[in-house]
Amino acid sequence: MKEITYINPVLLIAVPLALAFIIPILKFVWEKSIKWIPVAGFLFDLIVSITLIPIVLQKNIIVKIGGTTTPFSINLVVGPAGLLLSIMISLAGFLVAIYALKYIQEGDKTKYHILFMLLLTGAIGVVLTGDIFNLFVFFEVLCISSYALVGYLGNRAGIESSIKYLIQGSIGSSLLLVGIGLIYGQYGTLNMADLAAQIKTADSISLFVPMFFMITGLGIEAAIFPLNSWLPDAHSSAPSSISAVLSGIAIEVGLYAMMRILFTIFAAESFMGFLLFLGVITLLIGEMSAFSQNNIKRMLAYSSIGQIGLIVFAFSIATASGLSGGFFQMISHTLNKALLFLATGFMIYRTGSMEISSFRGLGKKMPLTALFFTIGTFSIIGLPPFVGFASKFLIFKAALAKQELLFIILIAVIILTTVIEGAYFFRIIQTLYFKESDDKSSKQESAITALIPMFIFALLILILGIYPNWIMKFIHSAASELLNKMSYLRSVLG
Amino acid sequence: MDRNQIGKWLRSPQKMSNKYSLHAVYFCTGCGIIEIPPSITTRWDAERFGIIPAPNPRQANLFLITGYVSLKTLKAIIRTYEQMLEPKYTVGFGSCPINGGMYWDSYNTIKKLDKYIPIDGWIAGCMPRPEAIFVAVTHLWTLIEKDMATGYIKYRKNYKQYRANQEKIYGSLDWPPLYK
Amino acid sequence: MILFYMMIFAFVGAFLIYFAGKSFPRIKEILAVVISFLLFLFVALLYGKDFQINYHNFLGFHLFLRINMFSWLFALTITFLGFLSIIFSLSYMKDKKNNAFYYMNMLFVNIAMLGIVLAGDLISFFIFWEIMSWSTFLLISYKKGSALPASMKYIIMSIIGSLSMLIGILYLYDLTDTTIISQLSHIIRFINKGDVIFVVILFSIAFGIKNAVIPFHNWLPPAHSEAPSPFSAILSGILIKMGVYGFLLLFYVIIGLDIIFHLTGLTIVLNVLAAITIIFPTFLAILQNDAKRLLAWSTVAQAGYIFMGITYGTELSVAGGIFHFLNHAIFKALMFLAVGAIEYRTKGIRDLNSLGGFIKKMPFTFAAMLIGAMGLIGLPLTNGFVSKWLIYKTLILNGSPFLAFAALIGTWGTILYSYKLIHNIFLGQLPAKFENIQKAPFSMKMPMMILSTIIIFFGILPGIPLQFINKIIVSFGYHPLNVSLFGIVSDSGNLNIINILAATFVIGVLIVLFFRSGRKSVRVDQYDNYAAGSFIPKEKYSYTNSFYAPLDRFLNSFLKDYIDIFYCKSAALIRHFCNGIRKIYTGYVGSYVMYILLFLAVLIFVQLNWSVF
Amino acid sequence: MNILLMILSAIISLVTGMFFLGLARKIMAMIHWRYGPPIYQPLIDVIRYFHQRAVSHGFIFDLGIIISLIGSLLVVFFLPLGNISSFSNSGGLLVILYILILSPLGLALSSGESANPNASIGISRKLILTLSYEFVLIIILLSLMSQYQTISLQEIVMLQARKVWSFASWKLILPGIAYLLILPAMLGFRPFEIAGASQEISAGPSVEFGGKYLALNTINHGLLHFITIALFVNLFLGGGDLFGIFDSISGTFWGSFVSLIIFLIKMILIFVISVFINAVFPRLRLEQATKYILYYPLSIAIVGLIIVVAIN
């Protein structure tokens, strides 16, 4: 078979990592350019990831680092699922970096850009790695940089929630580490494929305990219901560009890691029933908490919890269509929530308040920002012709395809949450457009560098909403990769 | 009574119907009104002659001014009279509308009602009995028959003068002139 | 593909209006009128066509647009009323800010409705349905202030409805493996009855909410009264009729006659709901003091008639239901426009207690309102008569006297509130502050004139619309009605409008001649009026305040919108509950850590003890 | 032929209507121990009204009263009068029910434009009262239509002639009683003389009517008496049928004539009874009237309808 040449996926991690460390040096040379570094880095990642798509669709790319063969080397497994997420990450990273050009005005910008790059690099590492310990390492990179970024503004609320996040996050990390340790102790390997090959089914207690440890550890970052208490604080007090990334990327990466472990390593079909409920409860709690919020960022943060719940639900259906729905929902959530946070960022910046009531009349003052915000809300509620509709549609379809009463009941609950979601998001729309503001000052549109990423997000939301078929093939293969343990094993172990 | 002479009906239906369908405004100005209830109920039964009290001036064509007319009442009388539809007939009942009667030197009663609205006939007495009403009605029939009950035409012709008299008492009236 | 290009053209046009309107204010109005007229023309030219096209592929579903007699009639009504109300908007919206946004959304709503009736499969039906929902939401909110809670109510009900419809569509898809309407109608007979009922219930929630069937009506009165009047006309005239379209589509196209007739329990329930929907809103309408809210309740009640017609399921009733849809669209739009004209001239007053005597100032609007009300009541020689006659007749002769009673008594209620509306706005004393009110401008008069003409025209020649409707019910599988130009022939009592018309005409001429032969009457003004001998006190000599006071006292004690109260209470309860839930996030990090460890501990504990996973 | 019948029935109804008005006054006078006016007194009044110079409050003031009269006359054509029926076969009872609306509505429009609060109060009362007795009337009509399985009034009359009068059949006696109970309300007679209360609100709707307007209104009033009672006779007393005695000459001119006479006699009987009721009762308040109608006649009518439905 003819070998196809492609860019080494290692560069996806290596280039941003290297750039991140160049930043402090560059600071002394050409300070003005540092804010362009993340832009460049993630543009590169985005292009590389996109060029990899056709190859990955044929077979997974295995990259071995450290010379030895699998299962003993550190390796990257670039499958459709990983690549899908890495595209999302680099896209979000690229656009948010553009946004940050103007948005980040205060604090030590150098730190911001380094941490931002590290955060997303960690995320890319998590989704691309084929090794359970590397997963932990990248995960820690992600987490630690996000702790720091949450407290970036240095105000009281930021620091407080950063500490809270740190405490809970480190408990999570340690639980994860304990889990990994237990597994390693039993099987003597850290390679996911190798582990998966050895663990046929998760039935013994010695397997369950590490599984629970790992799930709990990852579940904290993935913001599943009882473990997500850090999220509202952290997301609401971080700078909006960071909130966008945290909401749109970080928790989804955590969820992906969790699902990868559950599906690939443990093949824990029986655990999915539990996750189903957990997902719906997360959804319910998230949306209900968001319902009566007056602080917009908190509201969006709670809404993220809800969305994660929906994704968990979709994954837990554990059918190909369910997983496709989950992945699609991930994409749509990334786009929607990033857009919402970015728009909110400048809205808060202009009004100087996070209270929804202070956004009155912004539809007049910041027409484009408000329009993008509106598109984001319509999409997140799931109104056609936006992308949120397609994803919710897929999830409903997958759940109903099971043809069980249980799923109908759960879907009824999901409908209830969607109604609640509609209620609070439409309230904001009304505030933006249909309430008169007190001060009559003229237009104060967001900066052009902020509008461009918002525009791209909005455009993607609309285009993917109308033509979801364009990415469905990719998503299907991602879903089947995650679901189909054996083909993963074959592709990694040869 | 020529009510059932069909020939007359065919010749002058207007006159005949005006004669035999006298609906009176049920308007109580003074003590004379006390004579109206017996005349329209069982004892004297005015309905025999087609006379019934009408609920409002638009539907009536007979105006019985029963008793003294105070300044305040006069306003209402003028208004009511003007709202009645033509042809319309007025009868002053009792001596007070004629010349003030026992209120001849009262400061707030009208002495001569026909200065303010035209009167087609008078029933003198204080107080006249119900029979007098019927006598007045038969006289009115005759007047109608002979085209002499023309108070309303007089009112229209001499409206300026009547209006001037009315305004002399009140200064100015609330409503615009009936005729230009 | 002509249908698809039409939709694309319309969408592009809508955006064009918005962006052109930003820079060239006059152009947007011209564009809006031209585009809506072209849409009307397109649809009118599609008469008699019957085809469907695949225009898009969405997540593995083939999306179709199709046209046949059934959707043509609805599409024509939509585009026609859309065109008229946009013309009406020209002066109504002239002084308002941000009317580019208004025109764009107006077109969006029209296009979305057009999409609904032209949809050839359920997925595109749903997509257009949702587009309609949110664009309607934006339009209802347009007037700000008290419009905001109204539009919230609307959108929440709407989301509930559309999601349940989505579930219904997907459930049906799982059973039949298709969403294309023409295929569904063949496959549906292989599905068992329970599933059909389940699907019908799910769809009925969606359509019932749009059609404002009790108990789903609560969004309608506030939404209709708070929306801009030209849009209220659309809202009441056709938007809620999308529910009717949906019901017709579900019952007679997808499920089909032979199955729906065997679901007797279901149809009885729906009929009873329809009867309730006729009676209660009618009496609630009598109690209203806001002109548009009164009309809104009236819309709910009339929607009940339509619903009764289409769920009763005989050919007369279905024909009557469809015809009543058409008629209601016309006369209710007319009445909303007339109220809109009043609102426009009085700078936003629509409180029935403070108006009066406008007949002297706006005689044309009065005539329009009168004709509209006559149609609404269903007086002979107006269109409403024929459709109601059809419904009543079938209800009586098919042995449902109680339903017929609901329908007939509803008509008397209709008289009461219609008269109240007319009296309190146009009759009685004109308050002195409205002395200088001007006549309605031409762009308002024109739509009203057209609609009034149609009411009379259809009333005298009901055969013309009934021929179209005949084709529709034949396509549903019914026997055609025996329709002549002037009425309906059947073995149990005919209807012949020409007799009534001729008699009316002859008697009318005779009476008018008789009337004219009397003495010419003198014209007097409103102050020359019987007031027990005194000159009438201005501003006080009017009986518009609480017109039906005794009835109000009687009804107020027990007649309330209990369902709305229930919904509001439960919404408050949910809000309360949500606030409680939020307390989980205590803000104290110790409890958070406890959650985490507890979660882990419980998982391990449960697994150790019972091995559930 | 049809046009001749129309003219004939119009004349019959107008004459009978005026006759009823006079009769009512005469009977009332006699009950009062008075001599009373001549029976043609209403005609004199109408002639007088017609020759007076009226005031008009506007176009609708004129039009409304004309519409009202048109409505009443139209109904007459739909009623079979004995064997005479102009077009009682174009729509049946439903059309009658609807055209019955026309008359009060026209009156309401006309008096509404007179801008007099008394008129508005009267109309408001009239509409409320009508609404309440319409509850009963509709149920009565529905029981009849369900029983006879037709919406054509003429067929109902024919079926009665063939079998037994509705009032005499045990299934329909309850609706018949209910009809009798609301008859005074429909006629506007005394316990229910609420809308046109002349002492209280100056004749209510007709407060500003004078001259030819009042003439038309009076004619209309007579017609309404006629219609209400004719409907009752047709629905319950078999129309122009008298136990089939004159069946042999039905279809001939004399047959029609006899049936018309029988029909009119039945009507007069019913009318006289109503006038008696009018004479002895005082006026009720609107609330009392509504309550009465919604309690007794309505419950009787509903029971009647249930019986009819249950048996079919």
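Proteins come first, then strands; the chains are lettered A, B, ... in the order of their sequence lines, and each starts at number 1.
- For D/Ile101 against C/Thr411, the heavy-atom pair with the smallest separation is CD1-CG2, 4.2 Å.
- The closest side-chain heavy-atom distance from D/Leu131 to C/Phe283 is below 4.5 Å.
- Here the closest heavy-atom approach between residue D/Leu97 and residue C/Leu408 is recorded as CD1-CD2, 3.9 Å.
- When all heavy atoms of D/Ser56 and C/Ser521 are compared, the pair lying nearest together is CB-OG, 3.6 Å.
- With hydrogens and angles ignored, the 3.5 Å screen pairs no side-chain donor or acceptor of D/Ser146 with any backbone N or O of C/Pro401.
- At least one side-chain heavy atom of D/Glu113 sits under 4.5 Å from a side-chain heavy atom of C/Lys360.
- Only the side chain of D/Val309 has a heavy atom closer than 4.5 Å to any heavy atom of chain C.
- Across D/Ile121, D/Leu105, D/Leu141, the residue that shares the most heavy-atom pairs under 4.5 angstrom with chain C is D/Ile121.
- Looking only at side-chain heavy atoms (C-beta outward), C/Trp389 and D/Tyr98 stay at 4.5 Å or farther from each other.
- Contacts between D/His51 and chain C at a heavy-atom distance below 4.5 Å involve the backbone alone (N, CA, C, O).
- With rounding to the nearest 0.5 angstrom, the OG atom of D/Ser111 is 8.5 Å from the CG atom of C/Leu427.
- Heavy-atom pairs under 4.5 Å with chain D peak, among C/Phe402, C/Tyr392, C/Phe426, C/Tyr419, at C/Tyr419.
- At most 12 heavy atoms of other shown residues, nucleotides or ligands fall within 6.0 angstrom of atom OH in D/Tyr295.
- Top candidate by heavy-atom pairs under 4.5 Å with chain D, chosen from C/Ile377, C/Val512, C/Val506, C/Ile422, is C/Ile377.
- Proximity to chain C is absent for every atom of D/Phe61, based on heavy atoms less than 4.5 angstrom apart.
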Subject >> Check against side chain to side chain contact (heavy atoms under 4.5 Å, CB included), D/Leu305 and C/Phe405 >> reply: CA-CA 11 Å; D/Leu305 179 57; C/Phe405 170 69; 5.6 Å; no
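- Within 6.0 Å of CZ in C/Phe366 there are more than 12 heavy atoms belonging to other residues, nucleotides or ligands.
- With rounding to the nearest 0.5 Å, the separation of CG in D/Leu74 from CD1 in C/Ile507 is 4.0 Å.
- Per-residue heavy-atom pair counts under 4.5 Å with chain D were compared for C/Tyr527, C/Phe554, C/Phe514, and the maximum is reached by C/Phe514.
- With a threshold of 4.5 angstrom between heavy atoms, D/Ile47 does not approach chain C through any atom at all.
- Contacts with chain D were tallied for C/Ser418, C/Gly378, C/Gly356; C/Gly378 has the most, counting heavy-atom pairs under 4.5 Å.
- For the set D/Ile306, D/Asp62, D/Ile219, the count of heavy-atom pairs under 4.5 angstrom toward chain C peaks at D/Asp62.
- C/Phe547 approaches D/Ser124 most closely through the heavy-atom pair O-OG, 2.9 Å.
- Contact count versus chain D (heavy atoms, under 4.5 Å) is highest, among C/His423, C/Arg523, C/Met374, for C/Arg523.
- Counting heavy atoms from C-beta outward, C/Pro380 and D/Ile99 have side chains that approach closer than 4.5 Å.
- Heavy-atom pairs under 4.5 Å with chain C peak, among D/Glu134, D/Arg285, D/Lys291, D/Arg125, at D/Glu134.
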Original post:
Run the side chain to side chain contact (heavy atoms under 4.5 Å, CB included) check on D/Glu287 and C/Arg553 step by step: do they pass?
Top reply: CA-CA 9 Å; D/Glu287 282 94 335; C/Arg553 276 198 297 276; 2.7 Å; yes
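- Here the side chains of C/Leu416 and D/Thr130 are not in contact, with every heavy-atom distance at 4.5 Å or above.
- Atoms CG and CZ, on D/Leu69 and C/Phe515 in that order, are 10.5 Å from each other to the nearest 0.5 Å.
- Using a 4.5 Å cut-off between heavy atoms, C/Ser400 makes no contact with chain D at all.
- In this structure a side-chain-to-backbone donor-acceptor pair under 3.5 Å is present from C/Asn529 to D/Ser114.
- Other residues, nucleotides and ligands contribute over 12 non-hydrogen atoms within 6.0 Å of the NZ atom of C/Lys361.
- Interface check for chain C: of the options D/Leu142, D/Ile60, D/Val308, the most heavy-atom pairs under 4.5 Å are formed by D/Leu142.
- Taken to the nearest 0.5 Å, the CG atom of D/Leu73 stands 9.0 Å off from the CG atom of C/Leu510.
- Chain C forms the most heavy-atom pairs under 4.5 Å with one residue out of D/Lys212, D/Glu208, D/Met145, and that residue is D/Lys212.
- Contacts of C/Ile511 with chain D are made by side-chain atoms alone, with heavy-atom separations under 4.5 Å and no backbone atom involved.
- Inter-residue side-chain proximity for C/Leu551 and D/Leu286 is flagged as unmet; no heavy-atom pair is nearer than 4.5 Å.
- The part of C/Lys388 that comes within reach of chain D is its side chain, from C-beta onward, which places non-hydrogen atoms under 4.5 angstrom from that chain.
- Between the NZ atom of C/Lys420 and the CD1 atom of D/Ile123 there is a distance of 15.5 Å, given to the nearest 0.5 Å.
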